[in-house]
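Values in this document were obtained by computation on a predicted structure and should not be read as measured data. Each ligand, and each atom within it, is numbered from 1 in the order the structure gives.
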Amino acid sequence: MFKHIIFFLTILTFLVSLSGAASAKDSHSYANVDAVISTHLHLDLTVDFDRKVLTGFAEYDIGRVGPNDGFFILDTRDLDIHKVDVLDHGWQPTSFELAAADATLGSKLTITLPVKAKKIRIYYTTRPEASGLQWLTPAQTASKKYPFLFTQSEAIHTRSWVPIQDTPALRLTYTAHIRTPENLFAVMSAENDPDAPRDGDYNFTMVHKIPPYLLALGVGDIHFKAMAGNTGIYAEQYILDAAAAEFADTYKMVKVTEKLYGPYRWGRYDILMMPPSYPMGGMENPMLSFITPTVIAGDKSLVDLIAHELAHSWSGNLVTNASWDDVWLNEGMTSYVENRIMEEVYGSARAMMEKTLSAEGLQREMETLDLRDTSLHVDLQGRDPDGAFSNVPYVKGQLFLVYLEEKYGRAAFDPFLKGYFTTHAFQNMTSEKFIAYLKENLMDKHPGVVSMDKIKEWIYGTGMPDDTPNATSGIFAKVRAQQAAWLEGKMTLEQIPTMGWTVHQWLHFITNLPKDMTSDRMAELDRAFDLVNSRNNEIAHAWLLQGLRHGYSAITPRLRSYLPSIGRLKLIKPLYKQMAETPEGLKLAREIYAPARPGYHPSAQKALDKILGE
Ligand code: BES
Ligand code: ZN
């Protein structure tokens, strides 16, 4: 009998490793997913705004995939674990051990697992400083009346609000019962009912298996407005209509992506508008992308962010990087798909401008990076994935796919990518598996087009390959020519036809101003275009950064109002960093940062403390 069990388990392990679940070792998780996996999570949590904690239990259905070593190991960070029960013959307590915390990974939670236990229930409370939660007081929200709570779980922050096997190699379904103060509304990365009675008692179901980093919760004075088809907006009232207008093309985006890459598999696609302190641009929580309000520009000029988060419904959420070492499989693929969506919905001129801006941004950043961080596949063992964040997985990943697209042609490449998503739907992916699939389904079918060495150079090599496709926008070429003419005194600013310029043209113009330009020239530009007061957050950011680089002090008042009003790291971190370059700048930065700090997200505080630390 015993032998049979061992044999059976061995076969199972083999099958699981074939199917890809938990095949690559994830250095950012303690979980023993090669032995025991959680197949379903039920969360039962009370949201306590007074204490700034979540409290309740997480209950797991247990699946066995390898020889049982008698333990169920999970990831936690800053959680207080009260007790653990197992369902064997009825519920009964079991022993557990919470290890000392590792600064990056948190505390390993080892639970004694009886041989026949089918479920496990962990009673716990989070800490106010949980890295994956942001608790906003009413004063920190736009309404000023109601508090707001949101999660940001990617990459390894789920463990700070749920004890969990926190590796993207694992997938599980979940249900949740969330209690909030009575006047607030809760939404999750799951099926949401906008008409649920607003009574502080909410239930959710995610029927598809998702990786743990896609668990998400938002609680606040949240209302709903339907948009076309399966799309809609959740937001505080003040921004509901503006968001619905700005993102009115979302359903069109869903449709064109389905045409290119196969059906949208998640049911609804809604958007949750985050408070201004949200540290990210967006987060692809399934069925409900979390989106920064900083992209509401009034002219749809920054909706590539929506295309991006939507694209993750295929690249990332359907086919998921097995570990953070291969985050390019999520972000590079997504940046590629995002740009294809933008092309379909807004035309190739705009898509080309966006691609060019990304490529220019990568080029600038490449020079500042550690060489080891310039390859697509990285070894992040011993490092915090947050600390290794850069444009490389995004833009180098995107350009790699553009390279393949150009080599094989869209007629071959588009069906290949569609097949990739269909074949690996609800599974995980590694660089190695991607290469094998690419070889079999594209390279071998069209021999002699691209060599395996070339593919490996793209994925494992540092820097950019010599034959990187160059994104060149004709519209941008004109902008540069006019800029040069002005700098050489051959053209006045009034003669440049900026009236019809898009945000992208402005960004290109500003980011490419020469390093040695005088601050008088900056002032001249401001007199003509009033860039310092631009209401477009990307333009304002680009202008402020150039102002700092060119010692143009007239921007100081705008810096003082801009920096505390925005939590999105991409828009504020470069400014603080630039200020920290000079003693006077650092002084000003600290002066602005001190009162602004409490309004920023814990992860933003951590990043900015490091830059501005005494
Ligand atoms: N999934 C990312 C956000 C993320 C990445 C969180 C890595 C934690 C670790 C999201 O889809 C994203 O890429 N957001 C970008 C959007 C932009 C590139 C269009 C952002 O927030 O700026
Ligand atoms: Zn992304």
contact_flag Phe389 ligand 1 heavy-atom lt 4.0 Å
yes
Check: Ser29 side chain, Asp26 main-chain N or O, donor-acceptor pair, under 3.5 Å:
no
Out of Glu309, Glu284, Gln152, Met283, indicate the one that has the non-hydrogen atom closest to atom 15 (C) of ligand 1.
Glu309
Structural part of Glu154 in contact with ligand 1, heavy atom criterion under 4.0 angstrom
both
What do you reckon, does Lys570 have a nitrogen or oxygen under 3.5 Å from a nitrogen or oxygen of ligand 1?
no
Report yes if the side chains of His312 and Glu338 come closer than 4.5 Å at any heavy-atom pair, otherwise no.
no
Please check if the number of heavy atoms outside Glu129 that lie under 6.0 Å from its CD is greater than 12.
yes
Could you please give the number of protein N/O/S atoms within less than 2.8 Å of the Zn ion (ligand 2)?
3
Has Arg350 got its NZ or CZ under 6.0 Å from the middle of the six-membered ring of Tyr346, at an angle within 45 degrees of the ring axis?
yes
From Gly282, Gly281, Pro393 - option closest to atom 14 (N) of ligand 1 by heavy atom:
Gly282
What I want to know is whether Glu338 and ligand 1 share at least one N or O pair that is separated by under 3.5 angstrom.
no
Asp386 N/O under 3.5 Å from ligand 1 N/O
no
